[in-house]
Asks: 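Encoded as structure tokens, here's the structure I'll be asking about.
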Amino acid sequence: MSYLKWNSLIAKQFFNEAIAGREVLLFVDETFINEIGSKINEDLNDFISSVIEGPPWVNAYRNHGVCRKAFLTYKNWRSRNLRYPPYIAYLALFVLAGYVEDEHFSTIAYYPKLRALLGEDEVSGQYPYFDKMNSLWRDLEEWSVEDRLEEFGRFRVRIRGRWRHVGLPLSQTIISSKERKDLPLIFNKAGIISSDSPENDTIHIMLMKHGKEVLSNKTQRLLNGEDENEHLQEALFELVKDELNEWDGSLPEDYMESGSFVTSRIRICLNLNKITQKASFSLRINTQNEFPSDLFKFQWSEVESLLYCRRSINNWSTELKNKDGLVVDATNFNWLNGEEIEDLDNKLKSSLRGTSFRIFVEGQKYGLPNLIETARIKRGARFILLCNNSYKDKIIEWGKNKCESFGEINYTGVPNGWSLFHVSKPKESYNGVMELTIASELKIRLVNGLRLGKGNTFLRAAPPEIILENYKGNEVVLLNDDPLPYNEESESWELVKENLPLDETLKVKVLEQGNVIRRTNFKITNSKISILNRKNFIDTVGQHNNESGEPMNIGVNVYNTENTPFVKQLPLPTFLSNEIMFIGQQVGQIYHWQGKTEVKIEFEPIWAISKVRKRKWKVHFIATKKLTQCKIQKEVIDQKNLRFWKTVMCKMRKAIEKPDFLPLHELWENYLEVAKRV
């Protein structure tokens, strides 16, 4: 296989839309290379031969070593109009050499391992031109962050240990691809979700306690401090937090069983009635991602009762209610030791974490009323603190000495043994308490804009706001070297969209005492098509005849479909899925498409049930008729497929996410009701 083919295969494996906005680790070992090569019946030996030869424009230099060829591959590569940097395969080689554990070599003997891998004679000293490889690593960061705006992931240059040059490839071996994929096993054992906002110390303890069966000896040595590399250890913690933020609460497919539960969190909600001076507490479920639309029925073993809720907004449920429709009083739960409830039908497990401290912030930031429990405090924030009275005296001392504003709230409704305080702008953490630990690392976040895809490209009509997590108050934020104003009310740096240049890389820098401590990039663009109306589009583009009467798709609008008969040769949507159940209007009409052939259906489909992932499907309305004309017809037309149709409509019902739009939701429910009676 040619060098460029290897380069393309490796680059696609690491840099793709699935990892947009997350850190990319170029972890490469022999297994990885053989798996990539197996797609075209090649292996590690062919990979080594290909990198020795190099791409067409350098393989003529046969007397050059691989590092010199790698540098020539890198020079002016952007002028070649390539999708990926052409030197990634060389960097993969350097990482592979760093991961090799060979008894013939010392663990720190990098260059002998590289020479052995290339089949060269053992020579002392640095490999020729290896010091030039720094340019390739830094260019890869520039390409992923500035050129691609993290739409294929974010690569960061890190150095492992005291080695200036060797430390770059070694830094990519902090965790393997399989370990990274299996991190949800650790999250599940630890009972943690992303909104718990764990600090590095918590991540460290979690990995040490629950990672023995998941993490390699090399990774465990890093955790144990045997490598004496705090910088790489922190990089590992940040990567684990990135994976936690992306985790949907389920286990990896290889470990999924029929009884596996998705993890979620119970959060306490607080309502302070200033007129009656009474505090009341309720409960909501907080998940890793959006709720499906079904009603949830949680079993609560403490009282052998069912608790009910539905999806509310984003990652939140409505308040938990009992069978009589009354809001559940959160004070009936065990706040110190925690509680756990389960929905057996939806395989959702939710737990209230036991703790002596609970933090409440304004729910408006989540789109919810009242005050919502959050995992920990932020620097400069205002919040309500609920603490067990065993800590009351120490909390009062901390609040008066370490916070800008502090005082007790003497409302009724607070359970016996607990006290309520208002707190503003804590200056220091309360040592030893996770909820009262101020995160130390500053982060830039681009929020509230209309993002195209998962990268950092936003529509001009809705640019992002810039937020600094753990903002100290002395930082300066620059956009293309010009200071941005700070909005105290929104706690963000707002952009003036009229002054933003289109389709140019906009560079955000955060300065502290004149030094750049954080940076990120984004881009503002117009939507791809700007249409005033149907006539304007037809007159301007001239691609459609207004009088033809043929179906026409302009943006989100479809025209001329009123009297158009269904034509089975028309391409049908696949929703980026490789498995879809198409459902017709009559009982028994079903077509199972598995992505191998063109979709050919003998009936007009009303619904497409696309597979999202293992045991998760989503139903889409795809009819070309009016909604009122799509009610199910109960006559059984296709007796042959009736059993399969009923299995999908009844037994798979809980695994199918229903439409959000109420009329579609009601129509789908009508189909399900008929299926129950057939």
Side-chain angles (χ1 to χ4, degrees), residues 195-197 199 267-282 330-331 335 355-443 445 447 465-477 485-494 510 512-513:
S195 60
D196 291 339
S197 303
E199 178 69 322
R267 302 288 187 197
I268 298 175
C269 307
L270 170 61
N271 180 38
L272 295 176
N273 191 318
K274 295 181 180 179
I275 297 175
T276 62
Q277 295 198 327
K278 181 179 179 180
S280 57
F281 301 87
S282 59
T331 61
W335 293 0
T355 179
S356 298
F357 306 88
R358 298 195 181 273
I359 309 300
F360 298 91
V361 297
E362 289 291 341
Q364 292 177 352
K365 65 183 295 186
Y366 303 107
L368 298 171
N370 305 328
L371 294 153
I372 302 295
E373 184 182 5
T374 190
R376 59 192 298 191
I377 63 174
K378 294 183 178 180
R379 189 183 304 276
R382 298 185 299 273
F383 57 91
I384 301 297
L385 168 62
L386 179 73
C387 86
N388 187 267
N389 283 347
S390 58
Y391 290 89
K392 183 175 181 179
D393 292 340
K394 292 182 179 178
I395 284 295
I396 291 174
E397 181 183 356
W398 170 78
K400 289 183 175 179
N401 295 323
K402 306 298 182 182
C403 302
E404 186 175 291
S405 174
F406 180 86
E408 188 168 1
I409 301 174
N410 294 307
Y411 278 22
T412 60
V414 178
N416 291 333
W418 293 81
S419 296
L420 207 58
F421 301 93
H422 66 81
V423 188
S424 177
K425 297 185 179 180
K427 301 169 186 174
E428 293 182 18
S429 302
Y430 183 99
N431 291 332
V433 176
M434 184 186 74
E435 293 84 358
L436 296 175
T437 300
I438 302 172
S440 57
E441 184 174 0
L442 185 82
K443 289 185 178 180
R445 291 182 57 213
V447 301
E465 295 176 358
I466 300 169
I467 287 179
L468 297 188
E469 289 187 355
N470 310 317
Y471 172 56
K472 297 177 184 177
N474 61 342
E475 296 91 346
V476 176
V477 178
Y486 179 64
N487 186 322
E488 290 193 12
E489 184 175 343
S490 64
E491 298 180 344
S492 67
W493 284 260
E494 296 179 337
V510 180
E512 185 175 27
Q513 297 180 347

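Keep in mind the model is a prediction, meaning the values are calculated, not measured.
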Asks: Looking only at non-hydrogen atoms, find the nearest pair between S282 and A330 and report the distance.
Replies: O-CB, 3.6 Å

Asks: Does the side chain of K443 reach to within under 4.5 Å of the side chain of L468, using non-hydrogen atoms?
Replies: no

Asks: Hey, does I396 have a side-chain heavy atom less than 4.5 Å from the side chain of F406?
Replies: yes

Asks: Give, for atom OG of S197 and atom CD1 of I377, the distance between the pair rounded to the nearest 0.5 Å.
Replies: 12.0 Å

Asks: Can a salt bridge be assigned to the pair E199 and R376 using a cut-off of 4.0 Å between side-chain N and carboxylate O?
Replies: yes

Asks: Indicate the atoms forming the closest heavy-atom contact of A279 with V414, along with that distance.
Replies: CB-CG2, 4.1 Å

Asks: Where is the tightest heavy-atom contact between V361 and F383, given as atom of each residue plus distance?
Replies: CG1-CB, 4.1 Å

Asks: To the nearest 0.5 Å, what is the distance between CD1 (I372) and SG (C269)?
Replies: 3.5 Å

Asks: Taking all non-hydrogen atoms of both residues, which atom of T437 and which atom of V433 are closest, and how far apart?
Replies: OG1-O, 2.6 Å

Asks: Do the two ring centres, one from F281 and one from W335, sit under 6.0 Å apart?
Replies: yes

Asks: So, N487 versus S492: side-chain donor-acceptor pair below 3.5 Å or not?
Replies: no

Asks: What about the rings of F357 and Y391, do their centers lie closer together than 6.0 Å?
Replies: yes

Asks: Roughly how far, to the nearest 0.5 Å, is CG of N431 from NZ of K394?
Replies: 11.5 Å

Asks: To the nearest 0.5 Å, what is the distance between CD on E373 and CD1 on I384?
Replies: 13.5 Å

Asks: Once you round to the nearest 0.5 Å, how far does CD of E435 lie from CG of L386?
Replies: 11.0 Å

Asks: Side chains of Q277 and T412: do they bring a donor and an acceptor to under 3.5 Å?
Replies: no

Asks: Is there side-chain contact between Y411 and K278, with heavy atoms separated by less than 4.5 Å?
Replies: no

Asks: Please check if the number of heavy atoms outside E512 that lie under 6.0 Å from its CD is greater than 12.
Replies: yes

Asks: Is any side-chain heavy atom of L436 less than 4.5 Å from a side-chain heavy atom of I359?
Replies: yes

Asks: Compare every heavy atom of A375 with every heavy atom of S195, then report the nearest pair and how far apart it is.
Replies: O-CB, 3.3 Å

Asks: Nearest 0.5 angstrom please: N416 CG to N389 CG, how far?
Replies: 9.0 Å

Asks: Going by atom types only, do S405 and R382 share a side-chain donor-acceptor pair under 3.5 Å?
Replies: no

Asks: Going by the salt bridge (Lys or Arg N to Asp or Glu O under 4.0 Å) test, which pairs reach into residues 405-422, not counting sequence neighbours?
Replies: K392-E408

Asks: Could you go through the side-chain contact (heavy atoms from CB on, under 4.5 Å) check for I395 and Y430 one step at a time?
Replies: CA-CA 8 Å; I395 284 295; Y430 183 99; 4.0 Å; yes

Asks: Judged by atom type as modelled, is there a donor-acceptor pair below 3.5 Å linking the side chain of R358 to the main-chain atoms of L385?
Replies: no

Asks: Quick one: are L270 and L272 in side-chain contact, heavy atoms under 4.5 Å?
Replies: yes

Asks: Report yes or no: does W398 contribute a side-chain atom to a donor-acceptor pair with the main-chain N or O of E428 at less than 3.5 Å?
Replies: yes

